[in-house]
Amino acid sequence: MIGFLQNLADALSLGSLYALAALGVGLLFGILRLVNFAHGDFISIGAYALIVPSFEVTAQLFIGTWNWSLMIPAVTLIVVIVALISDALVFRPLRRANAPTLMIASFAVSYVIQNGILMVYGARPKAANLWSGLDAPILLGDLRIPLLQVVTIGVTLALMALLTLFLKRTPYGVMMRAAAEDFRMAQYLGVRGNFVIGLAFAISGILATAVSLLYLSQTGTLGPTMGVPLALFAFVATVIGGMGSLLGAVVGGFLVGFIVIMLQAYLPEDLRVFRDAFAFTFVILILLFRPSGIVPTRAFIERV
Amino acid sequence: MAPVSKSTPHASMLRRYWPLAALCAILTVLVGVGSLIGSDQLQVTLTEMLIRLIVVVGIYTFIGNAGILSFGHIGFMCVGAYAAAWATVDPTWKQMMLTGLPDFLQQNQYGFLPAVAGAAVLAGLVALVIGAAIMRLSGIAGSIATFALLAIVNSVYSNWESVTAATSSIIGVPAVVGPWVAWMFAIGALVLAYVFQVSRFGLMLRASRDDEVAAKSSGVNVVRMRLIAFVVSAMIVGVAGALYAHFLGILTADTFYLSMTFVTLAMLVVGGVGSLFGAVAGVIVVTVIVEVLRHIEAGVPLGGITIQIPQGSQEIGLGIAMALILIFRPAGLTRGNEIAFPFGRAARRKRKAAAS
Amino acid sequence: MLAIDDIHVSYGRLRALKGISLTVAKGEIVCLIGPNGAGKSTTLAAVAGGVAATKGHIRLEGKDLAGTRPEAIARMGVSLVPEGRHVFGTLSVAENLRVGTYMRADRGAVAADIERVLAMFPRLRERIASPAGRLSGGEQQMLVIARALLTKPRLLLVDEPSLGLAPKIVDQVYEILLEARKQEGLTLLINEQSSHRILKHADRIYVIRNGHIQLAGAAADLADGEAIKRAYFGFGEAASSDANEEEDAA
Ligand SMILES: Nc1ncnc2c1ncn2[C@@H]1O[C@H](COP(=O)(O)OP(=O)(O)OP(=O)(O)O)[C@@H](O)[C@H]1O
Ligand SMILES: [Mg+2]
């Protein structure tokens with residue numbers, strides 16, 4: 001029982017990261033029909049922004065040494081700027097392109113960012129120690145939950161609440177939802193398309209920063225492709241959750257986190273190395289039985 | 001489908017297969033000239049280019065006909081590469097390192113051609129089994145499913161210690177593939193891809209790509225057509241994998257993952273997803289871009305100074321080139337056209353129009 | 001107010017408009033009629049910036065709209081109600097109504113305007129909190145018209161307001177449009193497939209077919225409907241399509 005609860009806590013905290021990443025992916029998909037492969041690289045940039053550029057194996061924190069109240073905005077700003085630049089240079093000229101073209105364009109952006117990181121910081125993974133104070137466990141009876149997991153889940157819930165408030169209660173949130181549903185019609189009503197898309201990129205960058213800080217403090221290592229697996233699981237989460245539905249992205253994120261942790265915990269020893277293979281097999285199965293995802297959005301619109 | 005003309009059957013055959021013949025001729029000239037004048041480095045580049053050409057032609061056979069973006073085909077390359085290596089690597093090494101292999105592979109050493117055939121068959125089988133499930137999906141769900149396929153193959157091959165040697169590479173694969181061997185298979189891939197494309201299956205698939213609903217209602221079994229294309233394309237890519245193994249001489253599963261997927265998709269998109277000509281043109285153009293950048297990366301003497309760009313510029317340059325082409329030439333360099341037939345009425349009319 | 005001068009629009013190889021010219025004066029109600037595929041919707045979309053003209057000019061109060069984004073045109077006081085009831089299905093009725101008001105300078109007047117529009121469409125008030133995707137077809141048509149009126153347009157473009165609506169509701173919709181014209185000096189450019197209802201309300205009519213204007217005139221002059229019928233169904237087809245072809249080749 002304790003073991004299961006422990007696993008559940010792990011699943012929730014991993015699921016939180018996937019859910020946050022999936023929200024970033026899902027937001028852009030909703031508005032642009034863009035499956036953004038570069039989201040993982042936004043995450044990597046958030047981590048690399050903390051350290052001094054060098055080829056050393058042990059990373060020297062730079063922004064990372066600042067007080068968190070200064071460091072978080074600074075890193076966020078850097079990631080948001082990168083996200084906005086990729087929109088301005090690549091995705092804006094492709095506004096009329098179809099979904100596969102956009103997907104491949106984001107692949108190109110990802111390739112450029114990864115190799116850019118490689119050029120500046122070298123290919124080898126680096127160790128970095130961020131927020132080591134969060135390693136202390138919280139004891140709940142026999143259950144030991146690392147403080148970091150609690151923080152991760154808390155931050156995720158807070159960000160989700162903020163995003164929901166933004167989307168439901170503010171004019172820009174309403175415009176964004178309108179644009180996500182019918183971009184051209186929103187424009188006919190005076191909604192500035194490029195502005196709303198830029199806003200979506202910025203929010204997606206903020207979410208990516210949250211993931212990169214939380215993830216880095218969990219793993220303590222940086223690599224030029226560190227964000228890629230997160231983004232891959234995030235796609236999977238958005239697809240099985242239902243593309244275009246933010247609720248779906250969150251549900252999908254937690255579900256994928258749950259699947260991964262439970263496979264890790266309960267697969268027989270010699271099959272455990274194939275965890276990802278099993279996880280992606282699940283993905284295919286879910287796609288086969290619910291091709292439009294667990295939380296399909298368009299269903300009741302298409303009925304009309 | 002083809003316009004009815006009054007010309008003889010021979011002439012219309014020629015017209016029908018002209019795009020293929022032209023592509024084969026281009027490749028032959030390229031390899032011929034390359035191996036006549038070429039340095040060793042050029043031979044290597046040429047061989048690698050031809051193998052990638054086979055991969056891209058294979059991917060094109062699926063994407064170009066079925067209209068579903070696939071991220072999974074490099075998985076078939078992986079499957080093919082390992083299948084061939086299992087056959088041709090020295091049995092004593094296999095008995096030591098690959099203890100999980102079935103006896104007929106572990107105890108014996110096969111020739112190169114049977115190994116390639118085995119690669120094609122295994123890749124085709126995997127495609128058949130997985131495709132039977134996922135070919136029902138189209139659009140983004142379909143693309144993500146192929147992506148999951150890539151991730152599954154990668155996870156299995158980079159962790160299955162007793163069969164793939166996992167992270168400690170398979171070594172000692174006979175390096176028998178040079179430009180002419182690769183050329184032979186490249187021509188074979190072109191012929192197969194083109195014949196498929198102009199066959200009844202290919203035409204029906206292309207029709208379904210443009211209008212799935214109409215194709216379904218006219219009784220075309222879209223899923224089965226896609227599956228056929230998927231298997232054929234997987235076999236072509238599997239063969240390329242086998243060639244690649246026998247070109248490199250050493251195998252690691254991570255060779256066949258995101259980076260290779262990006263490069264090959266980039267080639268296809270740069271050339272144009274809509275035509276076989278696009279696949280070939282993309283491979284050649286991207287190879288040239290990459291080679292030029294690689295040269296400058298190594299340093300080019302110019303006048304008294306050496307011009308050099310930092311490591312990694314090659315990849316960044318490729319990424320930028322790709323983005324530029326997507327922006328300025330969204331249908332690719334060839335815009336989805338095959339090489340036009342230069343003789344006959346249509347061409348004459350065109351020339352006349354251009355002259356006036 | 002609006003002057004369209006010889007515009008051409010293509011969708012890929014398909015040439016939808018082959019030289020359309022028309023004008024709309026301030027305060028007028030002008031109607032475009034024509035059969036399916038004539039190019040009516042394309043004409044309205046071109047004015048609203050949804051499709052680009054390959055040739056020709058669209059001028060709004062003298063200003064050329066070429067290259068202007070749809071949202072900028074909307075901000076200049078042009079509102080399009082496209083065909084096919086484009087409600088934002090997951091947004092509530094209230095949110096749908098508000099989307100178009102965010103660009104308005106007179107934020108203070110918005111609440112009162114929403115009240116006024118809801119008074120015109122009492123059905124919408126009853127459904128104010130439900131997702132727009134759940135409304136019936138007729139209610140959705142009311143919603144898109146109400147939403148367009150709330151942008152405070154000077155020129156309202158309406159694509160087939162009567163499509164799929166019961167005749168009684170169609171009359172109601174026209175009454176509201178006429179009312180809005182009276183109260184706010186609205187100018188209207190309306191697409192319809194059939195002429196009999198619009199003849200009552202329109203000042204002038206253009207018949208469009210196959211990407212060309214076939215006939216233009218004051219509604220009063222065309223009241224018997226004979227000339228419209230001829231233009232609409234293309235009697236004397238051979239002669240006119242030959243003329244088109246020559247024009248195309250040139
Ligand atoms: N998005 C599009 N892509 C391709 N072709 C289009 C598109 N929209 C319209 N067309 C074509 O352009 C032509 C004009 O269409 P348009 O919608 O303007 O006609 P319409 O007069 O509004 O017809 P209807 O009365 O049926 O609404 C038609 O041949 C149509 O098929
Ligand atoms: Mg229309």
Side-chain angles (χ1 to χ4, degrees), chain A residues 26-27 29-31 92-93 95-98 163-200 241-249 292-293 295-304, chain C residues 44-45 47-52 68-92 94-105 107 110 130-141 144 147-148 150-153 156-157 159 164:
Chain A
L27 202 60
F29 182 81
I31 292 194
R92 186 173 295 191
R95 286 285 189 260
R96 283 161 193 273
N98 55 14
L163 184 62
T164 309
L165 274 182
F166 168 77
L167 288 173
K168 295 260 176 193
R169 294 270 180 266
T170 67
Y172 282 114
V174 174
M175 285 190 237
M176 207 177 236
R177 280 159 60 217
E181 219 170 273
D182 190 336
F183 193 78
R184 183 39 59 81
M185 189 62 233
Q187 284 183 306
Y188 285 149
L189 291 168
V191 174
R192 287 202 178 95
N194 282 333
F195 183 83
V196 169
I197 290 173
L199 203 58
M243 297 237 52
S245 152
L246 294 184
L247 177 64
S292 53
V295 188
T297 40
R298 315 261 145 199
F300 71 85
I301 301 165
E302 268 167 12
R303 194 197 59 195
V304 202
Chain C
L44 292 198
V47 174
V51 296
T68 316
R69 286 178 203 290
E71 58 261 45
I73 294 176
R75 282 157 193 264
M76 291 161 77
V78 177
S79 199
L80 169 64
V81 179
E83 64 187 336
R85 294 174 197 143
H86 290 255
V87 299
F88 304 114
T90 57
L91 274 63
S92 70
E95 285 170 331
N96 266 276
L97 291 175
R98 278 206 302 273
V99 170
T101 65
Y102 293 130
M103 65 172 173
R104 283 171 53 173
R107 288 288 175 83
V110 168
S130 43
R134 298 261 167 82
L135 300 186
S136 76
E139 289 165 342
Q140 292 189 357
Q141 185 74 343
V144 290
R147 190 176 63 184
L150 280 171
T151 64
K152 279 249 165 169
L156 182 62
L157 314 168
D159 204 342

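Keep in mind that the numbers below use all heavy atoms, side chains included, and drop hydrogens, waters and symmetry copies. Lettering of chains follows the sequences in order, A, B, ..., and the numbering in each one begins at 1.
Around atom CZ of C:R107, more than 12 heavy atoms belonging to other residues, nucleotides or ligands sit under 6.0 Å away.
The distance from the CG atom of C:L80 to the CZ atom of A:R184 is 10.0 Å, given to the nearest 0.5 Å. Rounding to the nearest 0.5 Å places CZ of A:R177 at 6.0 Å from OG1 of C:T90.
Ranked by heavy-atom pairs shorter than 4.5 Å toward chain C, the options A:A186, A:G190, A:G193 are led by A:G190. Ranking C:R98, C:R147, C:R69 against chain A, the residue ahead of the rest is C:R147, based on heavy-atom pairs under 4.5 Å. Interface check for chain A: of the options C:E95, C:R75, C:M103, C:R85, the most heavy-atom pairs under 4.5 Å are formed by C:R75.
Under the side chain to side chain donor-acceptor pair (under 3.5 Å) criterion, A:R192 pairs with no residue at all, not counting sequence neighbours.
Closest heavy-atom contact between A:Y188 and C:A45: OH-CB, 4.1 Å. Between C:E71 and A:Q187 the shortest heavy-atom distance is OE1-NE2, 2.9 Å. The minimum heavy-atom distance between C:F88 and A:D182, with the atom names listed, is CE2-O, 3.6 Å.
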Test A:M185 against C:V99 for side-chain contact (heavy atoms from CB on, under 4.5 Å), laying out the working first. CA-CA 10 Å; A:M185 189 62 233; C:V99 170; over 6 Å; no

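If you measure heavy-atom distances from C:A94 to chain A, you find no contacts under 4.5 Å at all.
Put simply, the side chain of C:Y102 does not reach to within 4.5 Å of the side chain of A:V191, judged on heavy atoms.
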